[in-house]
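As the structure is a computational prediction, the values presented were derived from the model and not from experiment. Note that ligands are numbered from 1 as they come in the structure, with each ligand's atoms numbered from 1 the same way.
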Amino acid sequence: MKCIALIGYMCVGKTTIGKALSKRTGLRFYDLDWYIEHRFRRKIPEIFAEDGEEKFRIMEQNMLHEVAEFEDIVLSCGGGTPTWADNMEYLNATAQTFYMKAAPETILAHLAMARGNRPILAGKSPDELDAFVRKQLAEREAFYAKAQHTINVDILDSFEKINDVVEMIAAQLETTTA
Ligand code: S3P
């Protein structure tokens, strides 16, 4: 089987679902951010701060090409991966793509719980963050919408909810690989 790629905005739960889907399917799990950090031995915020976003996107694209060629993996992409160059076309040609679609309110609720160390969101007040997420999500939607599958996700705050999303993906995989 080819790579299964999870895409969607920051904090929709791509890594959480990716790990659970990996267990469910027996496929190896890769997170593109972690892969970049491991390959370059540098943290994402450090790359943004020292090299800027454009250089990060070029590194990200190169690493996407490296990892998406692997067979039998679940790959969690960065929130901005599908929006750069022809990454979305590349993903659709190389992988089974799943857009994890969440409402801005869901994303903002996740962010309020844990924003993590995401350079794009750093230093914003709650109001700025609210406006930024809504605007950027709307801008990115056209890229995300090119995915072969769309899975609507709510707040993933229980094992049952995570399991439901994993089962939805597994069911869609069965219909496409049957
Ligand atoms: C980014 C999302 C991050 C990471 C980087 C940029 C974005 O990944 O690649 O901070 O532009 O949306 P996650 O979606 O895994 O947080």
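Contact detail for Ile107 and Leu137: the closest heavy-atom pair is CD1-CD2, 3.8 Å.
Looking only at distances, no side-chain donor or acceptor of Glu37 sits under 3.5 Å from a matching main-chain atom of Lys43. Panel note: side chain Lys14, backbone Gly8; a donor-acceptor pair is recorded below 3.5 Å. A donor-acceptor pair under 3.5 Å is absent between the side-chain atoms of Thr106 and the main chain of Ala102, judged by distance alone.
Ring orientation note: the planes of Phe70 and Tyr35 are nearly perpendicular, at an angle over 60° on the 30°/60° scale.
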Please give the N or O to N or O pairs under 3.5 Å between ligand 1 and the protein, distances rounded to 0.1 Å.
| residue | atom | partner | partner atom | Å |
| --- | --- | --- | --- | --- |
| ligand 1 | 8 (O) | Asp33 | OD2 | 2.7 |
| ligand 1 | 9 (O) | Asp33 | OD1 | 2.7 |
| ligand 1 | 9 (O) | Asp33 | OD2 | 3.4 |
| ligand 1 | 11 (O) | Arg57 | NH2 | 2.6 |
| ligand 1 | 11 (O) | Arg140 | NH2 | 2.8 |
| ligand 1 | 12 (O) | Gly80 | N | 3.2 |
| ligand 1 | 12 (O) | Arg140 | NH1 | 2.7 |
| ligand 1 | 12 (O) | Arg140 | NH2 | 3.4 |
| ligand 1 | 14 (O) | Lys14 | NZ | 2.7 |
| ligand 1 | 14 (O) | Gly79 | N | 2.8 |
| ligand 1 | 15 (O) | Asp33 | OD2 | 3.1 |
| ligand 1 | 16 (O) | Arg118 | NE | 2.6 |
| ligand 1 | 16 (O) | Arg118 | NH2 | 3.2 |

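Taking the centre of each ring, Tyr99 and His149 stay at or above the 6.0 Å mark.
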